[in-house]
Amino acid sequence: MNKNQLLQELGQILPSDVILHQKEDLTPYECDGLSAFRELPLAVTLPETIDQVTAILTLCNRLDVPVVARGAGTGLSGGALPHKDGVLLSLAKFKQILKIDPQRQTAVVQPGVRNLAISEAAKPYGLYYAPDPSSQIACTIGGNVAENSGGVHCLKYGLTVHNIQQIKVVTIDGELLTIGGSGLDSAGFDLLALLTGSEGMLAVIVEVTVKLLPIPERAQVILAAFDDVAKAGEAVGNIISAGIIPAGLEMMDKLAIRAAEEFVHAGYPTDAEAILLCEIDGTNAEVSEHILKIREILNQSGATEVRTAKDEAERLMFWKGRKAAFPAVGCIAPDYYCMDGTIPRKQLPHVLKTISELSAEYKLQVANVFHAGDGNLHPLILYDANNPGELERTEEFGGKILDLCVKAGGSITGEHGVGVEKINHMCVQFNSEELTQFHAIKSAFDAKGLLNPGKAVPTLHRCAEFGAMHVHKGKLPFPELERF
Amino acid sequence: MTTQDSSLDLQAHVKNAIKNNTALCIQGGNSKSFYGRTPIGQTLKINDHSGIINYEPTELVITARAGTPLKEIEYALLENNQILPFEPPHYGNNATLGGTVACNLSGPRRAAAGAARDYMLGCKVLNGKGEIISFGGEVMKNVAGYDVSRLMAGALGTLGVLLEVSLKVLPRPEAEITLTLEHNTEKALAKIIRLAQVNFPISANCYDGDRLFLRLSGTEGAVETSKKPIGGEIIETEHDIWQKIKEQQHGFFMTDQPLWRLSVAADTPPIKLEGKWLYEWNGALRWLVSSASAETIQAAAKKIGGHATRYRGHDQNHIDVFHPLSPALLNLHKKLKHAFDPHGIFNRGRMYPDF
């Protein structure tokens, strides 16, 4: 690809100040939230109209130039890692909230609008946008749709896919498509579901209509301490068996508790092996009834301490500790590596025990933060990148955790996406027929494979090479492929 | 209750059909054959592929083979005080899980709780190459790979044969009452919209032209404290009314005239089309009994960003049973169909005449 020709033709679409191509201008875009992977693109473009996006995609399609779309770049799996021969398409200038419609309980927003900004704009109408990934201050709704982001409230309120109604996307052919509609469903296939979580592989999102919910009349949180993580896990099952779906149900293990307590002084019991944070929301009457029931269940499940936040300040303090868990862990170790597996909840004691054995084997500490209600485990592996070989050992350990999640009947990623980070582990979760089906879907949208190449779905050859290093039960995976 | 794994038989059948270039019509209980266009091909029965494979009440997940009777699933859930939150219509005694998911039809609770597709966690599918492939799983959160499971919901079997489905389930509400109020259409629609903006535990609503019905579900306290501010009278036959609406046995549906289903924005004012109306889902679902022309009805729905479906009592060989797609979207549908079913053997023509 001739860089000069690309820049010259981009210059016919965009003003020169929104086409970046000097090394110093490109460097801020070299990675996303997963900084272990870095790459400079040929150019960064910052369009501000849908017509410009369409023109850029049409141009890149004609010149066979890869395109990587990017929101705020807070993703944790390298999904927005630039392509060295490609254009990085930043949607940062698409930051208008186009409409808040209290009657329809929807907000129409551009993709570069921050997640939290939607709830802030909806607040005067008594409404909010439910999915709340931990990066909600910074992450954008376009990225949330591309990754199908979750958050601490998805057990009750669902993921991004459950909370959007319509999107507008531009395909690599330069076609503007409206997916979904103003009602609760639309004619034809559920392309809204297919595009949500497709990691920028199928089309570029240029507008999102999200659903808004009434702000609950009341929210309350209970903190429970346990001397055994298995008991905490059982307590979660007992709450759900009693017919209660809490708004949030989070677990932290000892190391995570101590790190968080040191960092924000949330009042966590630092001698506990595990704590549960259980948030209940709804009408006043409903919350009161549920709190009584949950306290009883927690006590019966062997909690050593059960505390209901005495006021809103304490409720926010309980959450502050949980929400600060990642940076807190960042304070007790030079580096940490955040994993994102999901498991059926009943497998928790087994999975935590195995992680602790692996931790001893690899001589690397692990703090566990767990969206306990929906089985999404975030083990944080503590390491020091300055120690030669430690990053490699950490990645290998992380890989073992993902294998463990798949074997336990779960998934390699609950909410962070595959990106470049977990692309090899896709070969563990899916066989070659399934991966081929994914590639066929990709081809239906993007026959030349120009949108975000090398992410999310591995080629079969890549799996063959990865498989050669990971032989399971003496059987070579992907036996139908040649080996190089 | 029968439990049988017929997936290999079904696979052999499909491989044979590919070899002989025979189109197949996938059939479960045949309870929803009225829905969609009439497909071309030999019947592929999936009823024998039946049985609940895994049900973990504390994990809120059930996995069953596609031929499992829907009533068997609902019974198993009820024994553990759980429900399918999307309250699917059966439309007959023989409805299966596979057909329910393939049609993505949801009942009165849809506006409050979500549709069938919202509860899809994973599935095993027999694709048009005769391969048995799995997507998603039995966990609540899973973003590995494209969301094929949800794509299967509502694809009407045109992309493959559903073999197994994993669904998220929820606890059955502790208490439930139904309130009724008399209103004209404008007032009833405005009232529903107003109630939806506040934290009332409304799990279903319906306006039949005379009366507005509201179902409250939740804890005893939540239901009790909400009924007064909402107003209206409690009716004792609450189960009956929602059952009748869900299964379309309400008097409104007893007609020889064509029935249309319009999906529109909830706050759309009464649509000026000739006929009788019944409203559900906060006004977002509108049933219309009308002899107006398809062009008129579809144009009216499209104008407000919605879509119209010929639901019952139409010529099922008609070209547009479902709302016509734009040329670009139709093209994408054809490509996706080809990606799953390259020989075009499954439910040919069931959704659109083009595939």
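This is a predicted model, so every value here is computed, not measured. So that the names make sense, note that chain A is the first sequence line, chain B the second, and so on, each numbered from 1.
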Are [X] and [Y] within salt-bridge range, i.e. N to O under 4.0 Å?
X: A:Lys346; Y: B:Glu59; result: no
X: B:Arg150; Y: A:Asp190; result: no
X: B:Lys124; Y: A:Glu434; result: no

Side chain, backbone, both or neither: which part of [X] has a heavy atom under 4.5 Å from chain B?
X: A:His439; result: neither
X: A:Lys293; result: side chain
X: A:Glu217; result: both
X: A:Lys442; result: both
X: A:Leu176; result: neither
X: A:Gln103; result: both

Do [X] and [Y] come close enough that some side-chain heavy atom pair is under 4.5 Å?
X: A:Ile343; Y: B:Val139; result: no
X: A:Ile245; Y: B:Leu170; result: yes
X: B:Leu332; Y: A:Thr171; result: no
X: A:Leu194; Y: B:Asp147; result: no
X: A:Asp185; Y: B:His307; result: yes
X: B:Asn142; Y: A:Ile412; result: no
X: B:Lys335; Y: A:Phe445; result: no

Best-contacting candidate, [options], against chain B by heavy atom pairs under 4.5 angstrom:
options: A:Ala242, A:Pro216, A:Gly417; value: A:Pro216
options: A:Ser288, A:Ser198, A:Gly180, A:Gly150; value: A:Ser198
options: A:Val418, A:Asn284, A:Leu202; value: A:Leu202
options: A:Gly373, A:Ala440, A:Ser186, A:Ser443; value: A:Ser186

In terms of heavy-atom proximity below 4.5 Å to chain A, should [X] be classed as side chain, backbone, both, or neither?
X: B:Leu60; answer: side chain
X: B:Phe340; answer: both
X: B:Leu285; answer: neither
X: B:Asp118; answer: both
X: B:Arg286; answer: neither
X: B:Asn127; answer: side chain
X: B:Leu325; answer: side chain

Quick one: does A:Ser182's side chain have a donor or acceptor within less than 3.5 Å of a partner on B:Gly305's backbone?
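Flag set: sc A:Ser182 to bb B:Gly305 pair under 3.5 Å.
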Exam field: side chain A:Thr413 to backbone B:Ala144, donor-acceptor pair closer than 3.5 Å:
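The answer is no, because no donor-acceptor pair under 3.5 Å joins these two groups.
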Can you establish whether the number of heavy atoms outside B:Arg172 located under 6.0 Å from its atom CZ is more than 12?
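Check fails, neighbour count at 12 or below.
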Counting heavy-atom pairs closer than 4.5 Å to chain A, which one of [options] comes out on top?
options: B:Val143, B:Val125, B:Ile133; answer: B:Val143
options: B:Glu174, B:Glu138, B:Glu56, B:Met120; answer: B:Glu56
options: B:Met152, B:Lys334, B:Lys337, B:Glu220; answer: B:Glu220
options: B:Pro57, B:Gly145, B:Pro201, B:Pro324; answer: B:Gly145
options: B:Ala153, B:Gly154, B:Ala115, B:Ser134; answer: B:Ser134
options: B:Ala265, B:Pro342, B:Pro171; answer: B:Ala265

So that I know where these two stand, are B:Phe322 and A:Phe189 an aromatic pair - ring centroids less than 6.0 Å apart?
no
Could you go through residues 190-199 of chain B and list every donor-acceptor pair under 3.5 Å that involves a side-chain atom there, pairing it with any protein atom two or more places apart or in another chain?
from	atom 1	to	atom 2	distance (Å)
B:Lys191	NZ	B:Ile230	O	2.9
B:Gln197	NE2	A:Pro102	O	2.8
B:Asn199	ND2	A:Ile215	O	2.5

With side-chain contact (heavy atoms from CB on, under 4.5 Å) as the criterion, how do A:Ile441 and B:Leu336 come out once you've worked through the C-alpha distance, each side chain's angles and the decisive distance to 0.1 Å?
CA-CA 6 Å; A:Ile441 294 169; B:Leu336 275 171; 4.1 Å; yes
Under the side chain to side chain contact (heavy atoms under 4.5 Å, CB included) rule, collect the residues that match up with B:Ala328, sequence neighbours excluded.
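Residues passing side chain to side chain contact (heavy atoms under 4.5 Å, CB included) with B:Ala328: A:Glu175, A:Leu177, B:Ser326.
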Who are the side chain to side chain contact (heavy atoms under 4.5 Å, CB included) partners of A:Leu184, not counting sequence neighbours?
B:Arg110, B:Ala111, B:Trp281, B:Ala284
Just by distance, no angles: are the side chains of A:Glu286 and B:Thr219 close enough, under 3.5 Å, to form a donor-acceptor pair?
no
So A:Phe438 and B:Tyr146, would you call those rings parallel, tilted or perpendicular, with 30° and 60° as cut-offs?
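Taking B:Tyr146 first and then A:Phe438, their aromatic rings stand perpendicular (interplane angle over 60°).
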Of all the heavy-atom pairs spanning A:Ile240 and B:Thr58, show the shortest one and how long it is.
CG2-O, 3.7 Å
Minimum heavy-atom distance between B:Ala222 and A:Ala285, given as atom pair plus value:
N-CB, 4.0 Å
Can you tell me how far apart CG (A:Asn376) and NZ (B:Lys141) are? Round to the nearest 0.5 Å.
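Separation between the atoms: 3.5 Å.
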Within residues 159-170 of chain A, the residues sitting under 4.5 Å from chain B by heavy atom, in sequence order, are A:Leu159, A:Val161, A:His162
